Each structure stands twice: as C-alpha cells, then as structure tokens.
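Working notes, beginning with the structure itself.
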Amino acid sequence: MVAILERAECSVARYTFEMVREWLSDTLKTRGMTQAELARRLTAELGRSIDRAAVNKMLSGKRGIDADEAAAAERILDARAPRDVVDRPADVFTPAPIPGSELVGPTDLPVYAAAQGGDGHVIVTFDAIEWVKRPEPLRNVKGGYGLLITGSSMFPMYRPGDIALMHPHLQPARDTEVVLYHTPPTGEAEAIIKTLVGFNDREWTLEQYNPPKQFSEFRQEWPICHRVVGKYSAR
C-alpha cells in the first residue's frame, strides 16, 4: 500500500510515542501480562536482551520504544497500537492511501540511503541504492527522490525501511514532514527528518515522536528544506 499526502478538510490519524506507551500499559493490564513476562517474550521475539527494568522505563516514559519493539509487542499482545484522531485545517496536508495501480511513470525514482549520525541526525548518501516507480505527487518533478528511513525517532508515523517520497521544490509548510539539510544535498549530506511545527526567519520548530520532543534549529545552520509528500511502506 502506498500513502500519499493530499489536501483535505477532515480529521486525521496522528501517532505519538505517548499514545503507544499508554496503549502498551493498558493492554498489558487487559491481557493480565506482567512486565517481566513481556520482557521475556520481547527478548525471545527480537533476539536481544530486554529486561523488566527496560519495560518499566518504556511504560513510565523514561525510555523510548523502538519501532521493532512496538511491532513485536503488537504481535505478542495480539493488539494494534492506536491511532489518535485530531482535527486539521483544510490547508494542511493529510495522508490518504492510494492503490499501487495508480502509480505513474517508469521505474525512474532514485532511492537514497541514510545512515544514523549523532544527535538524531542522519547522513544521506546521494548514490541511488535502487529505483522505484514514480508516484503521482512526483510526476514530472525535477530532482524528486525517495529516502530510505532509518532509526525510530519518527515511529510510528515512519518505520525503518519505509521510503519517504521527497519533493525538493515545495515551500516549507507547518504540520508537514520535512528533511532539513546542512549543505546542498550532493555526495553526502547531514540531515534531520522531523515534523515541521512552525518557523520564522531565524528558526525551524521541529517535532519527533519517539521519544516525544519539540525543539528548534537555526535556519542558518539548516538552510535547505525538502518536503515529504508521501511514503512507500517497508516491504
């Protein structure tokens, strides 16, 4: 399934770390499962050690919940993490699914890889690792590309392995997902993938979901803003 972003005056699903934390706590109580039992089953499911203390920190908000941990918890508890519904104005992009049959153009959209950097940043290498079908939002868009998501700071909106569909020419807009670059994106470039909450002449105000946090970055240090117009979910 492909998700694109289109204008609509409606309520939309919004995913936050706090929602996943509350869902996990409530579902454990409903299922009658202890933190120790969840820790044991997560360890078996993921093939790495997760102790009861780590689960306790997840539930208290002192520790983030990685994307693969949340997905494993969904399988273990046989329940799906919730989707909150909030109202958004008509001039804000909201996600809507479209069938793959409506993709257009040849397989000519480059996908670039991103490696984890420090402080939640990524290093994007502009050497295509694959080429995928070009979707409608990027029809005839010069320089459009896909960015392979790594890390879990934007989970559950974006999961590792998703491909963000990038439009490099749209103007910044509040309440949209963006990629900010330190330098012109050629060769290798440091980047931040976040939700753009607001901006002025000096700063970008950004939001991430896992763990939840809002913060600001100077526009002079991150002058280049590319808009996310959709995604291909991880295969």
Side-chain angles (χ1 to χ4, degrees), residues 1-19 83-98 102-104 109-112 114 120-122 124 126 134-149 151 153-159 162-185 189-210 212-233:
M1 180 66 70
V2 179
I4 65 169
L5 303 178
E6 60 184 21
R7 294 186 184 274
E9 185 170 12
C10 60
S11 295
V12 299
R14 183 176 179 86
Y15 309 89
T16 68
F17 166 77
E18 183 64 21
M19 290 167 52
R83 274 81 177 151
D84 191 17
V85 176
V86 298
D87 291 327
R88 293 281 184 88
D91 63 347
V92 172
F93 282 114
T94 57
I98 59 170
E102 293 184 18
L103 297 178
V104 299
L109 187 75
V111 176
Y112 303 126
H121 301 172
V122 296
V124 180
F126 287 88
R134 183 175 294 268
E136 177 64 31
L138 295 179
R139 182 201 290 263
N140 298 326
V141 174
K142 183 178 180 180
Y145 63 96
L147 184 60
L148 187 65
I149 298 296
S153 69
M154 293 299 285
F155 175 84
M157 180 175 289
Y158 293 98
R159 299 169 183 262
D162 287 351
I163 297 174
L165 302 173
M166 305 303 307
H167 194 310
H169 308 302
L170 291 177
Q171 293 298 308
R174 291 172 176 81
D175 293 314
T176 62
E177 280 62 59
V178 299
V179 176
L180 302 179
Y181 291 100
H182 249 321
T183 58
E190 189 175 6
I192 304 175
I193 306 172
K194 303 298 178 198
T195 295
L196 181 60
V197 177
F199 58 95
N200 55 37
D201 291 341
R202 288 193 59 198
E203 294 181 332
W204 307 108
T205 301
L206 306 170
E207 182 179 18
Q208 69 176 38
Y209 304 130
N210 185 34
K213 180 172 71 170
Q214 281 196 10
F215 60 98
S216 296
E217 296 284 358
F218 288 114
R219 293 186 66 166
Q220 185 175 3
E221 296 181 1
W222 300 91
I224 299 167
C225 178
H226 290 182
R227 287 263 299 275
V228 180
V229 294
K231 74 172 183 178
Y232 288 162
S233 295

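Since the model is a prediction, treat every value here as computed from it, not as a measurement.
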CA sep, side-chain torsions, deciding dist, call: N210, S153, side-chain contact (heavy atoms from CB on, under 4.5 Å): CA-CA 5 Å; N210 185 34; S153 69; 5.6 Å; no

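- For the pair P135/L109, a side-chain contact is recorded, criterion being any heavy-atom separation below 4.5 Å from C-beta on.
- Here the shortest heavy-atom pairing between R134 and N140 reads CD-N, 4.3 Å.
- A cation-pi arrangement, defined by a distance under 6.0 Å to the six-membered ring centre and an angle within 45 degrees of its axis, is absent between R202 and F218.
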For L170 and T176, run side-chain contact (heavy atoms from CB on, under 4.5 Å): C-alpha distance rounded to whole Å, both residues' side-chain angles, the deciding distance at 0.1 Å, then the answer. CA-CA 11 Å; L170 291 177; T176 62; over 6 Å; no

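- In this model, no donor atom of one side chain and acceptor atom of the other lie less than 3.5 Å apart for Q208 and K213.
- A 4.5 Å side-chain heavy-atom check between Y232 and V111 finds every atom pair outside the cut-off.
- Rounded to the nearest 0.5 angstrom, Q214 CD and T195 OG1 are separated by 9.5 Å.
- The distance from atom CZ of R219 to atom CG of L180, rounded to the nearest 0.5 Å, is 9.5 Å.
- The backbone N or O of S233 sits nowhere less than 3.5 Å from a side-chain atom of R159 that would complete a donor-acceptor pair.
- We find the CD1-CG distance between I192 and L206 to be 6.0 Å, quoted to the nearest 0.5 Å.
- Across A189 and T183, no two heavy atoms sit closer than the pair CB-OG1, 4.1 Å.
- Closest non-hydrogen pair, I163 versus G146, comes out as CG2-CA, 3.7 Å.
- Heavy-atom minimum distance, P168 versus K142: CG-O, 3.8 Å.
- The aromatic rings of F199 and W204 lie tilted to each other, with the angle between the two planes from 30° to 60°.
- V228 is listed as a side-chain neighbour of M166, based on a closest heavy-atom distance under 4.5 Å.
- The distance from the NZ atom of K194 to the OH atom of Y209 is 10.5 Å, given to the nearest 0.5 Å.
- For the pair A191 and V179, the tightest heavy-atom approach, listed with the atom from each and the gap, is CB-CG1, 3.8 Å.
- Every residue two or more places apart in sequence or in another chain that forms a ring pair (Phe, Tyr, Trp, His ring centres under 6.0 Å) with W222 is listed here: H121, H182.
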Take M154 and I149 through the side-chain contact (heavy atoms from CB on, under 4.5 Å) test and state the conclusion after the steps. CA-CA 9 Å; M154 293 299 285; I149 298 296; over 6 Å; no

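- Contact between R227 and A173 at its shortest, heavy atoms only, is NH1-CB, 3.5 Å.
- Between the CG atom of L196 and the CZ atom of R174 there is a distance of 7.5 Å, given to the nearest 0.5 Å.
- Considering only heavy atoms from C-beta on, I224 comes within 4.5 Å of P185 through its side chain.
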